[in-house]
Amino acid sequence: RGGETRVGVERMFGLMDRFLKSDPSSLQKDILDHVEYTVARSRFSFDDFEAYQALAHSVRDRLIERWHDTQLHFKKKDPKRIYFLSMEFLMGRSLSNSAINLGIRDQYADALKELGFEFEVLAEQEGDAALGNGGLARLSACQMDSLATMDYPAWGYGLRYQYGLFRQVILDGYQHEQPDYWLNFGNPWEIERVHVTYPVKFYGTVEDENFNGGKRKVWLPGETVEAVAYDNPIPGHGTRNTITLRLWAAKPSDQIDMESYNTGDYINAVVNRQRAETISSVLFPDDRSYQGKELRLKQQYFFVSASLQDIIRRFKDSHSNFDDFPEKVALQLNDTHPSLAIAEVMRVLVDEEHLGWNRAWDIVCKIFSFTTHTVLPEGLEKVPVDLLESLLPRHLQIIYDINFDYIEELKKRIGLDYDRLSRMSIVEDGAIKSIRMANLAIVCSHTVNGVSRVHSELLKTRVFKDFYELWPHKFDYKTNGVTQRRWIVVSNPSLSALISKWLGTEAWIRDVDLLAGLQEQAANADLHEEWRMVRKVNKMRLAEYIEAMSGVKVSVSAMFDVQIKRIHEYKRQLLNILGIVHRYDCIKNMEKSDRTKVVPRVCIIGGKAAPGYEIARKIIKLCNAVAEKINNDPDVGDLLKLVFIPDYNVSVAELVIPGADLSQHISTAGHEASGTGSMKFLMNGCLLLATEDGSTVEIIEEIGKDNMFLFGAKMHEVPALREKGPTLKVPLQFARVVRYVM
Ligand code: NBG
């Protein structure tokens, strides 16, 4: 039999012909095969979307090969793995990024040309995967790309929402939200793992049970939901390393509750089961306020529990006990959203693996690290105890136990300073008793990092001051970054070609520091000329898009002045709009002869407002009203235009950033934890107008004060300004706005 098997295996390898080929004619054959067998269209008649689907599947086949090799490699090597737990990933489109990282984009473009298709046109067919809100979620996506490229054995874990971030439609100047049912046309980038499923339990009670002469706690859950894995392979650039983003979808459990079926109400029993799916159905569209909603907590525990079952199963595959767990597993908490993982690891190790509390606690303290993306204490997540008690009764007990030990320890360290003890407690007493998720995360993590240097200073001196004083060694910062693969190579191919030509290498695509080599050519007139051409092409592309989306014709010789990001008071789109009104006012009051001195400007604003955030919604309306006024004033003409780009998302950013001359990052100093948009503009050669806030401080160190427009009050000046209240100028400005808008 053994002999037969070997022959079988050899035959299998022979038939597989090792790896898929990537020469143009193999690619063409491959694409057409997918048209016929995957998309089930005739190879003589298929449209751009069907061609995109076939192309995507062909790229995916190549991803899968590398992905399998990666799994095999790491299974053999058994390195310490990084598990990145995040509620949100803003991946955007995958086709170009994957083809580029695999190093076969040009081969595909050639292959398609002969078939009568253009790669870029097909790439435009793909919808955005918008499983996140803003900066935090896009950072997760950039991080996955970097982890893959830098050959890390990393896994991303998250939720496979059926509805991504809402689509923004502007009607009469107002934002309207429409559901983003992004899976409508299928998703070729994911692989459903029907056999990778785990039961996730909720509700129920905790009972005491006799055990080894003592008592132990047993959780008797009231509801079970199945988590099914959907794997999204993430290829690195210039490496075979292809890591996994594993997203969980909720399905009704297989375990049939006979009782409800036996009562005869079959239809209702099925409908109830179906309700389980709602857990992963929709992404919460608020990027920094948490209202203690049960569904949100369910989502958090759902993905945490499934991920940990998966991680522990993988560990146990090659380890017989938990001694090596901290040497093999690192769990990174992306903000507080996944911090129930702490209680869950304790629960599994104590209740299911019977390790004993102290040993479990020792392990927990070695495996977690926590990234915070928040500046304001109001942004920190709190979970009402009542809610937790009903949904996860055992976890609440565990959190109480952790808190008890920790407070006892704390008393020994800091004495009976009750104010401080109560500030530092994981449990907040008050009208609504709650669990402070950040405190839980800090207590149990070995490292807490901010996302820029100033942010970290704020954490140490304000937000988490008490903790910093106790455990200075835990606090650290990692200034955010963005991947040049997506933000130059994918989004600005002409600039990418220019850089490679002038550096004489493509190595900068893996090592961004090499871009500094361009400095040697800083005065080269030929480079300037080529660079201007690249900019012009990108501005033309953007101008076409603006006209298509808003009907406004803009001149490409005007300066494109851009502010794109979530709409927030602290990000001060309102200030930008007031500035635009002021500029309009100045132009109107100018002598005609002076107008020739004005640099024509197209102001571009884009971003979504959380549906419940009234002021942010009004800022959008104001922007559109001001735009309406300015754009229809023939007296001002091309000297000033204002456009609000609707439905800002990753793909829109990819189009807008390369075409921008000036970009605005004008948050009130001390409010932006880091900011990553500025880095994307910067690497596309765009000037920055920015306050000294978040990562801007480090950007100044890199590029020098002379290469940017620093704006506004410094962080230490802000409190005094607030104290002083508005100066006289502000109401005047408002009066003008109202006059123009009405
Ligand atoms: C954001 C911060 C940004 C920061 C990103 C990534 C959220 C909740 N926070 O300043 O506002 O750059 O996180 O760290 O998206």
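For ligands, and for the atoms within them, numbers begin at 1 and follow the listed sequence. Model, not experiment: these values are computed from the prediction. All values below come from the heavy atoms of this structure, side chains included, with hydrogens, waters and symmetry mates left out.
- Of all protein heavy atoms, the one closest to atom 15 (O) of ligand 1 is L136 N, 3.0 Å.
- Ligand-side atoms of ligand 1 in range of Y570: 11 (O), range being under 4.0 angstrom from any heavy atom.
- For the residue pair E381/H337, the side-chain donor-acceptor check at 3.5 Å is not satisfied.
- Protein heavy atom nearest atom 8 (C) of ligand 1, with residue, atom name and distance: D287 O, 3.4 Å.
- Looking only at atom types and distance, the side chain of N403 has no donor-acceptor partner in the side chain of N439 under 3.5 Å away.
- Summarising the geometry of V490 relative to E654, their closest heavy-atom pair is CG1-OE1, 3.8 Å, with the distance given to 0.1 Å.
- Nearest protein heavy-atom contact of atom 3 (C) of ligand 1 is E672 OE1, 3.4 Å.
- Scanning the protein heavy atoms around atom 14 (O) of ligand 1, the nearest turns out to be H373 ND1, 2.6 Å.
- When each atom of ligand 1 is checked for a heavy atom of N480 under 4.0 Å away, the hits are 4 (C), 6 (C), 12 (O), 14 (O).
- Residue-to-ligand polar distances keep V451 apart from ligand 1: every N/O pair is separated by 3.5 Å or more.
- Between W508 and I488, some side-chain heavy-atom pair lies under the 4.5 Å cut-off.
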Test F467 against V448 for side-chain contact (heavy atoms from CB on, under 4.5 Å), laying out the working first. CA-CA 10 Å; F467 292 99; V448 179; over 6 Å; no
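- Evaluation of the side chain to side chain donor-acceptor pair (under 3.5 Å) rule for S307 yields W248 as partners, not counting sequence neighbours.
- Taking only nitrogen or oxygen atoms, main chain and side chain alike, R288 reaches within less than 3.5 Å of ligand 1.
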Would you check, one step at a time, whether the test salt bridge (Lys or Arg N to Asp or Glu O under 4.0 Å) holds for E428 with K382? CA-CA 9 Å; E428 179 179 84; K382 287 179 198 164; 3.3 Å; yes
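- At under 3.5 Å, not a single nitrogen or oxygen of K571, backbone or side chain, sits near a nitrogen or oxygen of ligand 1.
- Using a 30° and 60° split on the angle between ring planes, Y163 and Y181 fall in the tilted class, from 30° to 60°.
- The atoms of ligand 1 that sit less than 4.0 Å from any heavy atom of A673 are 10 (O).
- Interface atoms of ligand 1 facing L139, defined by a heavy-atom separation under 4.0 Å, are 6 (C), 14 (O).
- With atom 12 (O) of ligand 1 as the reference point, the heavy atom nearest to it among G694, S452, S678, G675 is part of G675.
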